[in-house]
Every structure is written in C-alpha cells, then in structure tokens.
Amino acid sequence: MSTYYATKAEGCLLLHQGAAALADVEAAGIRIDGRRLQANIDRVSRKISNIREQLKQSEVWQVWEKTYKHKANMRSRSQLGTVLFKQMGIPHPLSIGPNDTRTKGGRYRTDAHTLSLVDHPFVKRYLSCERLEKARATYLLGIQQETHNGYLHPSFNLHLVRSYRSSSDSPNFQNMPRHNPWIARLVRSCFIARPNHYLIESDFSKIEVCISACLNKDPELLRYMRDPTTDMHRDIAAELFQCEQSEVTKQARDCAKGNFVFAQFYGDWYKHCAALIWQNIGSQKLTLADGTPLKKHLATKGIRTLGSCQSGGRPASGTFERHVQRVEDWFWNERFRVYNERREQWWMDYQQRGYFDLITGFRISGLYNRNDVINYRIQGPAFHCLLWALIRLNRWLKKKRMKTKIVGQIHDSIVADVAKSEREAYLAKSNKIMTQELPKAWPWIIVPLKVEAEAAPLGGAWIDKETIS
DNA sequence: AAACAGTGCGCG
DNA sequence: AAAGCGCGCACTGTTT
C-alpha cells in the first residue's frame, strides 16, 4: 500500500508557481478598443432587430403568437420546438431512425445541429439570429461589462477543473469565437495591442496527441508525431473513405480528424462516428480529389446506406455503419494496438486502486468512468506543458525588465502583448522554452514539440494575427 | 427576488 | 458494460 498523497511536490510547485504567474497575467490585462466594441454592439444590435422584424412577418410567428399569446417569446427554444414540431406538424428531423427527438426534460430537441436539418426559411433565419444573440450577449456585452480603463482582466483558475487543466472566467478568455469568421471578427477585433506592441499567440501544435504518444508509447503514434512527413488524419481518412491517400481532400481529412480520430481518442464508438461522418459527407458534399462525390465512390465499394445505428443492434452488411465498425476495429487492434492495451491497463489499474496519477504529479481519486480515467491523464499534463512554459517565460520577462507582458492563455497557447523592440527576443525565447527547455526538464516527453506563432500587426487587433514563418 | 434545473453554445 | 473529454455563460421556465 503506497502512502496517500493528493499531490506530489512537483505538482504542488507547478500550481504555486502557475498561480503566481497567472496573477501577473491577470494584473497585466488585455487592451480593449472601447469604441470599436461599442460600434460592434450597435451594429449587431441593429442586425438582430432587422432579422427579428423579418421573422415576425413569417407564418411561423403567427402560429407562435396564437399558441402562446402574450407569453410568446422568440428566445424560447422550448416554445420554438412546440410551434414547429407540434403546432405546425413539421416532422422532427431526428424522427427518422433511433435518435432522440426529445431532450431528457421531454422538450423537443432544438439545438443548431438539429434545426439545420429542418428545411424552412424561418428556421435558417432564426439560427443566424441566435448566433448573433450569442455574440452580443455572451461576448460583446460580457467584455464591455468587465472592461475597466480600457483593459480587460480575465481570471485564470487552476483549482476548478477535475483534470487539473485551467479555466477562465469574468469573462472566459478561453472561448472567444474563432471558427465563424464574421462572428470572430466582431469579437476579436476589439482585442488590441498596447501602443507600439504586437499581440502574439504561440500555440503548442498537436500537444494533446504528442502527450498521449509519450504516455502510451504506441510505436505508430510515436512515428506519426516524430515524422512530419506523415499525416495520421489523412491515413485514417483513406481507410474510412476506402481510397488512396492521394485521393483524400483537405475537407475529407478534417472530417476524419474531427469525427473519427479525435472522437475515438476521447472514447466515442463506431455507431456515433458513422452517423456523424455520414451526415458530414452529405452536408459538406465531400468528394475525392478528382471530384467524385464520396457517396458515389463508396457505392462502388458496396456501401450505399448508413445503417440503423441502433445501440444493441448488429450492423447490417453493406452499410457504412458496418464499415466504420471494421475501421474502428482496425484502428484500435492493429494501427494503435499498444495505445489500446495501455488504456485498458489504465482503466484496470484505476478500478483496483480507486485513484489514478497524472505524470505531472497529481493523484486523482474518486468516482470516474472509463473515458475520464483515460482522458484526464492526457488532458491535464498537456496543459501542464503550457503552464510550465508560461511560468518560465513570465519569469524571464520580469527578470529582464521587459515591456512585453503575457496577457492570456488558452489551454495550449500563450497570448502576449509584445513590445516592438522585443519581438525577436520574445519569439526566440518562447520557442526555446516551449520546444527545448521543457523536454529537457521533463524527460518523459519523448517526441519533438513544435510551436506555431502568430502575430497581429503593430498596434493591431487579435483578429488580424497571421502566422509567422 | 433569488435559486435551481434544463438547454444550448462558444472554445481547446 | 457503456458509448466523446474539459470548461463558463446566457437564457427560459419553475420552485422556493
């Protein structure tokens, strides 16, 4: 029986030094363009009113008001579901197949993914309006509320997350819009550098996969992480779509990456993956490199339908579901066999002991399911790499009495407000700490680490950052 | 009025 | 046997 400990000395030290460094980050704050922020709030507010007016012309709104009278509220998803799928009798898009058309509370499911499958002009407009509402309320107004004297000081916490990652609040700096270009610009154009400074974001590339490979020591995963000419996602896409690697388009690769590789790594299973990918092939009209539609191509391989994807049911032959089941089997029992053995071992060990340890010096005890046990062991240490680097970088900036300040952190990236004259020194030092000093300090890191740095123009906004070659 | 549960959505 | 991990925040609708 080993001695009980909550956290090893290394873990303790990391959190103490991390908290101190993040306190500096919070105190520094990130500069906000207040006029731009107000202009964007006005702009998006006008846009929302316009769309609302249009929505109120629709027959859907007539039914809505008739149903709910003075309580009719366009922001209510629960009302929307009842109006569309009950009052108007529009078939719920998930009613085909085994999917849950209702949430656990018994309401109609009305999230964006579900509604995007409803072919009705009102619904399309409604969704675009809700996206704007989200941008306005959570982000623009949230930022405005927390901005003081032109600076925003988000909190960064090390004591709230079960996997020993960090979180951020007031406002949450770690979920500012990025994927939707229009919304991203609306919000990120308000974050600006100090005068004569650059906003620079340094990102650990593929850090979770790298850490995963270091911990499970799967030879194939290690090979992918060590050889930059290989591409795991492309290879898996070729299996999923039954084609040559050279026929995989970027879109098809990204589909495999998001809906299969990462999903599988996080503990998803083939029935769900098959449904996600099949829907993606259709909605994105995925093709082979020569333009052949993927569904047409798969048909030549004898795969013409998705299959029922019923949990408990055996997939029928000739279905995509059956095919993905085979790929899943190949993925875990051939390609990443060692990884698979290791995660089973992690799960068994936890069940016997009632706790599991992170390699960075933390013991996690309590009730966890299989996926938690596997994922936390990777998620936590991946963030600790970033935290370790942030501590060193901050220390260096202070010791050298530099004007540059770290102003934020997003799990695997550091955002800094870099003085013009310190740009080159900052880039060199951050790169050195992240890719050289860290693996030296933590010898269990046995794959090369890579940083991707992006910089915004001098005095410019976060949204305009561009990759530094 | 405040607290709570439920739902949905933004990010890694 | 179960069936994707981690957060924070806004809003609706109900309960206290």
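Lettering of chains follows the sequences in order, A, B, ..., and the numbering in each one begins at 1.
- Contact between the side-chain N/O atoms of A/Ser167 and the OP1/OP2 oxygens of C/dG8 is found at a separation under 4.0 Å.
- With respect to the salt-bridge test (charged N to carboxylate O, under 4.0 angstrom), the residues A/Arg165 and A/Glu208 qualify.
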Pull out every protein N or O sitting under 3.5 Å from an N or O of nucleotides 14-16 of chain C, one pair per line with the distance.
none

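- Out of B/dG10, C/dG4, C/dC5, the shortest distance to the side chain of A/Leu276 is found at C/dG4.
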A/Arg131 vs A/Trp182, test: side chain to side chain contact (heavy atoms under 4.5 Å, CB included). Steps then yes/no.
CA-CA 11 Å; A/Arg131 262 199 305 276; A/Trp182 201 84; over 6 Å; no
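- You'll find that the side chain of A/Trp269 is closest to C/dA3, out of C/dG6, C/dA3, C/dC9.
- Taking atom CZ on A/Arg109 and atom P on C/dT12, their separation rounds to 21 Å, with Å as the unit.
- One finds a salt bridge joining A/Asp231 and A/Arg253 here, because a Lys/Arg side-chain nitrogen approaches an Asp/Glu carboxylate oxygen to under 4.0 Å.
- Here C/dG6 is the nucleotide among C/dA3, C/dG6, B/dC9 with the atom lying nearest to any side-chain atom of A/Val161.
- For the pair A/Arg178 CZ and B/dG10 P, the interatomic distance rounds to 14 Å; values are reported in whole Å.
- In this structure, A/Ser168 reaches the sugar-phosphate backbone alone: every heavy-atom distance under 4.0 Å involves primed, P, OP1 or OP2 atoms, never a base.
- With respect to the salt-bridge test (charged N to carboxylate O, under 4.0 angstrom), the residues A/Glu344 and A/Arg370 qualify.
- Minimum atom distance to the side chain of A/Tyr139 is reached by B/dG10, of the listed B/dT7, C/dC5, B/dG10.
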Secondary structure string for DNA chain C (Watson-Crick or G-U under 3.5 angstrom, | for other-strand pairs)
....||||||||||||
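- Taking only side-chain atoms of A/Asp169, from C-beta outward, the nucleotide of C/dC5, C/dC9, C/dC7 with the closest atom is C/dC9.
- Residue A/His179 places its side chain closer to B/dG12 than to any other of B/dG12, C/dG4, B/dG10.
- A/Leu160 comes within contact range of the sugar-phosphate backbone alone, with a heavy-atom separation under 4.0 Å but no base atom that close.
- At the phosphate of C/dC9, neither OP1 nor OP2 sits under 4.0 Å from any side-chain N or O atom of A/Asn172.
- Side-chain contact between A/Arg77 and A/Leu115 is present, with at least one heavy-atom pair separated by less than 4.5 Å.
- Contact annotation: the side chain of A/Ser168 never approaches that of A/Gln409 to less than 4.5 Å [non-hydrogen atoms, C-beta and beyond].
- In this structure, A/Phe204 and A/Phe383 have side chains that are not in contact, with every pair of non-hydrogen atoms separated by 4.5 Å or more.
- Taking side-chain N and O atoms only, A/Tyr376 has a distance below 4.0 Å to OP1 or OP2 of C/dG6.
- Side-chain nitrogen and oxygen atoms of A/Gln79 include at least one within less than 4.0 Å of the OP1 or OP2 phosphate oxygen of C/dG13.
- In the set B/dG8, B/dG10, C/dC5, B/dG8 carries the atom at the smallest distance from any side-chain atom of A/Asp111.
- In this model, the phosphate group of C/dA2 is not approached by any side-chain N or O of A/Ser311 to a distance below 4.0 Å at OP1 or OP2.
- A distance of 6.0 Å or more separates the ring centres of A/Tyr270 and A/Phe331.
- Within the structure, a side-chain polar atom (N or O) of A/Arg162 is placed less than 4.0 Å from OP1 or OP2 of C/dG6.
- In A/Arg75, the CZ atom is crowded: over 12 heavy atoms of neighbouring residues, nucleotides or ligands sit closer than 6.0 Å.
- A donor and an acceptor atom sit less than 3.5 Å apart, one in the side chain of A/Asn175 and one in the base of B/dG10.
- Of the candidate nucleotides C/dG4, C/dG13, C/dC11, C/dC11 has the atom lying nearest to any side-chain atom of A/Arg75.
- Between A/Thr138 and B/dG10 there is no side-chain N or O to OP1 or OP2 distance below 4.0 Å.
- Between A/Asp372 and A/Arg162, at least one side-chain N (NZ, or NE/NH1/NH2) sits under 4.0 Å from a carboxylate O, which counts as a salt bridge.
- Between the CG atom of A/Asp268 and the P atom of C/dC5 there is a distance of 9 Å, given to the nearest Å.
- Other residues, nucleotides and ligands place no more than 12 heavy atoms under 6.0 Å from the NE2 atom of A/His16.
- In the set C/dA10, C/dG6, B/dC9, C/dG6 carries the atom at the smallest distance from any side-chain atom of A/Gln379.
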